[in-house]
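This report refers to the structure that appears directly beneath it.
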Amino acid sequence: MKAVIDKENLLDILSSFLYENYGVKLKDATKMQLYNAFCYVIRSILKNKYHDFILEASKQESKRICYLSMEFLVGKTLKNNMFNLGLYDMASDIIKDCSFEPDEIFSLERDPSLGNGGLGRLAAAYMDALASSDYRGEGYSILYEYGFLRQYFRDGEQRELPDRWLDSSIYNITRADEKSVIVKIGGNIVNSDGNNKYDNYTEIIAQAYDMYISGYDSHGVSRLRLWKCASNSNFDMDAMLKGDFNELISQRGESELISMFLYPPDNTREGKILRLMQQYFFVSATVQQVVAEHYKLYRTIDNLPEKVAFHINDTHPAICIPELIRVLSEDYGADFDTALKLTKECVSYTNHTVMPEALECWEEKLFIEYIPRVYDVICEINKRQTKDIYKCSTREWNNVQSIGIICDGNIRMANMSVYCSRKVNGVSALHSDILKNELFSGFYNYTPEKFTNVTNGITYRRWLCQANSKLALAIDNCIGDGYKKYPQEMLNLSKHLNDKSLIDDIRDARHFNKVRLSDISKKLTGISLDPSSMYDVQVKRLHEYKRQLLNVMKIICYYLEIKNNPSLDIMPKTFIFAAKSAPSYYHAKRIIKLINKLSEMISRDVAVRELINVVFLPDYNVWLAENIIPAADISEQISLAGKEASGTGNMKLMLNGAITLGTYDGANVEISELVGEDNIYIFGMRVDDVSKIKDRRQTVLNSIESNTRLSQVIEFLRGDICGENFSDIADYLSEGEYPDPYFCTVDFDSYINAFRALSTDYRDTKKFFAKVLSNIARSGYFAADRAIAEYADNIWGADRVEF
Ligand SMILES: *Cc1c(COP(=O)(O)O)cnc(C)c1O
């Protein structure tokens, strides 16, 4: 692809920036100065490019795709933008000429931590894909001052530090030129002379900040608009005159709190209110501004659904539904039914979870107190829904209970989202089927045409070309580099399954990445890794349903086996974990401690430490993922079937040629169909098997009783592990009314067998790397570009901007 500017031009801009700002020549610039100069160049290129793109998009009246998400886990942006703009090689040469390593410069950027896991990472991937495919994409979220927690360990336990990421003045977030938006909260609605009047509310100001995200080899640039909260400048004059500065400060502090934290703990009433205010704050500002811009251009709201799509990434932004209805009726004169109809045509919803405890519900009371106008709209929606059900000839009353919006004093956000969306999608084939047949079956019976699937996708250029440049080069040499624009071309690799030199290149790349990860591990934990060992990787948020515990049970089983039989000739293995736990998630934190203690115990044991190494890398984030994933041999995707909606970690690992050891869950199902059963290791119960279990407790107890290895593992947990005892976890697995809620014990045996088979196959390098290559060759399907094309065609009805 052609770079946006040539080298001479780039050198000119860099040099004059450095001279004007620091009075230095390019060759004398420090690392930080050079970093700032590159930031400046990229920022101005992107701004100009965005301007040109929007000019053309406006001419063609291209549909605006407004993607609303509480999280955007973008990862470091400088290298990504350079790569996508075709400037990466040029910039690397310049950096090397200045006697630095490119990664030294890029690592000066802090990971923007505006998200905490898969959902946020997905939103970021879609910004990249929208731009790369020339769609007019706009992300909307909050400019959190503190991102998700920074994790470290003390005596093996997770501790948390605040992540004040904004401090390091992220280079490509700039204040938008547009006027701020006023969001009104609290207050009450009073009826005077038959008219409703909203009174006694508090005004808060939403200021817009923008981050531009470049597409690859395209004209597109996505704009991520982040709202920051400021208090009203109409400050309390009385307090001022009385000299009551404490009052002023507290008024200011309260509203600014709204954009302070990502995920304030919501186990208290105050925390819940803050969450609700965050949600309303950013969707209200977004909806008000987008509709105003639309109206200014077209002088009507009738064509809003043709020109604007609002997409909600899970239900956190679902309040945009009543808010849009409110804005259309209060500010633009639509009657309620018209406003509802327009809204239903504009909004679409992606569901991310079927776990009942994760389905968002809000007490009516909070809505009445804090967003009374929104509450009134929701009541009206609820009435309309009840009427609809009445009208329906089948009148399946047992359904009404499951699809109602307001129920027992609670507002059920998922039900409101389904009822008011044009389309609803799950994030993998399996998950979308569960939505239709179980979670939303009541809705599916009424409106089957609403339901669809879009299997998640990943920014494969980031995860392959940037994170694993050695592997990308090997692929380039074999099939050319067209796959970077057209991911399906990766399939051409399957013609080269026996290509010796390609296999050698892939092995070399893997080895290089393993050494790189070992260095990072040494730095972060003091533990180096043996690059000639098999790297078995489980990296993702820590959650019971993801079953890191099952992995630990496997490691303990393996450890006991070696202890019992020291002469066992086994291939050395490194077990790598990285995962953050929610600060208040007690059980997850115990598992983290267990892994760390096990790691310590094994590293002290001379008899086994050559064969087993366990390491828990702290503070999992995008940067760490970029360094772990390219080094992985085995990808652990072992959630209980039916629980992981899709996963995207599984796709990133597959793309980098790790072999999946997983359950038949989420997108693992599709990976398995693509690569065939010879190239994946599937084990454990399927969704049907899980739902067939009648007596959960007895099933667990039978599994333990019938398997001596398993009972030994549980006994082991009751013993001393580096000064700590994990009887609580043993009890969790085997005692009480609901032992082992995620059935680690039930899948244990089949997991161990699958791991054995895999370990044996791993020793035959030629055979193993043929599997690796098959996985890489089939991974094009999981490109976010494919997912975005499906969203655009089947959900948003949006066209690309033509050039
Ligand atoms: C991809 C990614 C995730 C999601 O991983 P899953 O295995 O799909 O749960 C979470 N965190 C980070 C930093 C990621 O890059």
Side-chain angles (χ1 to χ4, degrees), residues 427-433 453 455-458 460 463-464 468 471 474-475 478-479 483 486-500 502-503 506-507 510 534-538 629 632-639 641-642 644 646-689 747 750-783 786-787:
V427 286
S428 70
L430 179 81
H431 170 63
S432 294
D433 281 344
N453 171 250
T455 298
N456 280 169
I458 55 171
Y460 70 108
W463 296 105
L464 176 63
N468 198 347
L471 178 58
I475 298 173
C478 185
I479 59 165
Y483 69 92
Y486 305 102
Q488 287 296 1
E489 286 188 15
M490 209 98 85
L491 202 55
N492 293 337
L493 281 174
S494 50
K495 293 180 207 135
H496 302 269
L497 295 185
N498 299 313
D499 182 333
K500 172 104 181 26
L502 175 62
I503 301 259
I506 295 178
R507 281 180 62 187
R510 172 87 37 103
M534 179 175 101
Y535 282 18
D536 177 333
V537 165
Q538 187 174 21
I629 289 170
D633 292 308
I634 310 302
S635 161
E636 298 269 355
Q637 307 299 337
I638 59 177
S639 52
E644 186 72 87
S646 164
T648 49
N650 46 3
M651 301 168 187
K652 300 168 199 166
L653 281 148
M654 174 198 187
L655 168 69
N656 280 277
I659 304 298
T660 306
L661 169 58
T663 47
Y664 217 63
D665 198 15
N668 298 353
V669 175
E670 285 152 88
I671 294 178
S672 159
E673 280 163 6
L674 283 164
V675 300
E677 57 188 41
D678 287 346
N679 297 310
I680 190 167
Y681 295 82
I682 296 285
F683 70 92
M685 292 184 285
R686 311 249 160 150
V687 175
D688 282 348
D689 302 323
D747 279 344
S750 123
Y751 180 43
I752 297 291
N753 292 337
F755 182 69
R756 286 245 167 90
L758 195 166
S759 308
T760 310
D761 292 351
Y762 181 79
R763 301 166 140 232
D764 183 342
T765 310
K766 206 171 143 215
K767 203 166 131 196
F768 186 80
F769 273 91
K771 291 181 202 291
V772 168
L773 190 48
S774 296
N775 270 270
I776 301 170
R778 309 279 159 174
S779 61
Y781 177 73
F782 295 111
R786 184 269 313 153

Side chains of [X] and [Y]: closer than 4.5 Å at any heavy-atom pair?
X	Y	result
L493	L773	yes
I506	L471	yes
K771	V675	no
T455	F782	yes
S646	H431	no

Query raised in the report: Below 4.0 angstrom, N of the basic side chain to O of the carboxylate: do D761 and K767 qualify?
Result: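 Salt bridge present between D761 and K767.
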
Query raised in the report: Is the shortest side-chain N to carboxylate O distance from R686 to D665 below 4.0 Å?
Result: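 No, no charged N to carboxylate O under 4.0 Å.
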
Separation between [atom1] of [X] and [atom2] of [Y], rounded to the nearest 0.5 Å:
X	Y	atom1	atom2	value
I629	W463	CD1	CH2	5.0 Å
I752	D747	CD1	CG	11.0 Å
Y681	S759	OH	OG	9.0 Å
D536	D633	CG	CG	8.5 Å
N468	I475	CG	CD1	8.0 Å

**Report entry** Distance under 6.0 Å and angle within 45° of ring axis: R763 vs F768
**Finding:**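 Negative - R763 is either too far from the ring of F768 or too far off its axis.
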
Is the backbone N or O of [Y] less than 3.5 Å from a side-chain atom of [X], with the two atoms forming a donor-acceptor pair by type?
X	Y	result
S432	A429	no
R510	N656	yes
R786	N456	yes

Query raised in the report: Can E636 and Y751 be counted as having a side-chain donor-acceptor contact under 3.5 angstrom?
Result: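 Yes, because at least one side-chain N or O of E636 sits under 3.5 Å from a partner of the opposite role on Y751.
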
